[in-house]
Amino acid sequence: MHTNDSVIMQKIYQHIGGYHADDHADSPRYDPALTTILEKDCLASQPTMSRVN
């Protein structure tokens, strides 16, 4: 499950990594660096990212 807090953290790290829009969320979903930093097996998908503003 992806809490609002974890999705916001994902947004921050994706932005740092060059994924600036929510629709870019599916590209790094299993990125080893981001999943390790955020301590997740997989990141939130684009629909989940778009629900958190």
Side-chain angles (χ1 to χ4, degrees):
M1 175 159 187
H2 302 288
T3 64
N4 284 345
D5 291 344
S6 71
V7 172
I8 291 168
M9 290 302 297
Q10 178 177 334
K11 283 182 180 242
I12 292 168
Y13 280 102
Q14 278 188 195
H15 187 72
I16 291 168
Y19 300 99
H20 302 294
D22 288 350
D23 63 343
H24 294 154
D26 289 336
S27 298
R29 195 144 183 235
Y30 297 97
D31 180 275
L34 290 174
T35 55
T36 300
I37 290 168
L38 295 169
E39 299 176 347
K40 293 186 160 253
D41 292 329
C42 71
L43 302 179
S45 64
Q46 180 274 323
T48 300
M49 297 291 287
S50 294
R51 281 192 287 271
V52 177
N53 291 317

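Throughout, numbering of the chain's residues begins at 1 and tracks the sequence.
Rounding to the nearest 0.5 angstrom, the gap separating the NZ atom in Lys40 from the CG atom in Leu34 is 12.0 Å.
Between His2 and Cys42, the closest heavy-atom pair is CE1-O, 3.5 Å. Across all their heavy atoms, Asp41 and Tyr30 have their closest contact at O-CD2, 3.9 Å. Closest approach of Gln14 and Pro28 over heavy atoms only: OE1-CG, 4.0 Å.
Tracing side-chain contacts under 4.5 Å through hydrophobic residues (I, L, V, M, F, W, Y), one never reaches Tyr19 starting from Val7; they form parts of separate clusters.
The side-chain contact (heavy atoms from CB on, under 4.5 Å) test applied to Ile12 returns Ile8, Met9, Ile16, not counting sequence neighbours. Taking Ser45 as the reference, Asp26, Arg29, Pro47, Thr48 meet the side-chain contact (heavy atoms from CB on, under 4.5 Å) condition, with sequence neighbours excluded.
A donor-acceptor distance shorter than 3.5 angstrom exists from the side chain of Gln10 to the backbone of Ala44, with no hydrogens or angles considered.
Residues Ser50 and Gln46 have side chains that bring a donor and an acceptor to within less than 3.5 angstrom of each other.
The neighbour count for His20 NE2, taken as heavy atoms of other residues, nucleotides or ligands under 6.0 Å away, is above 12.
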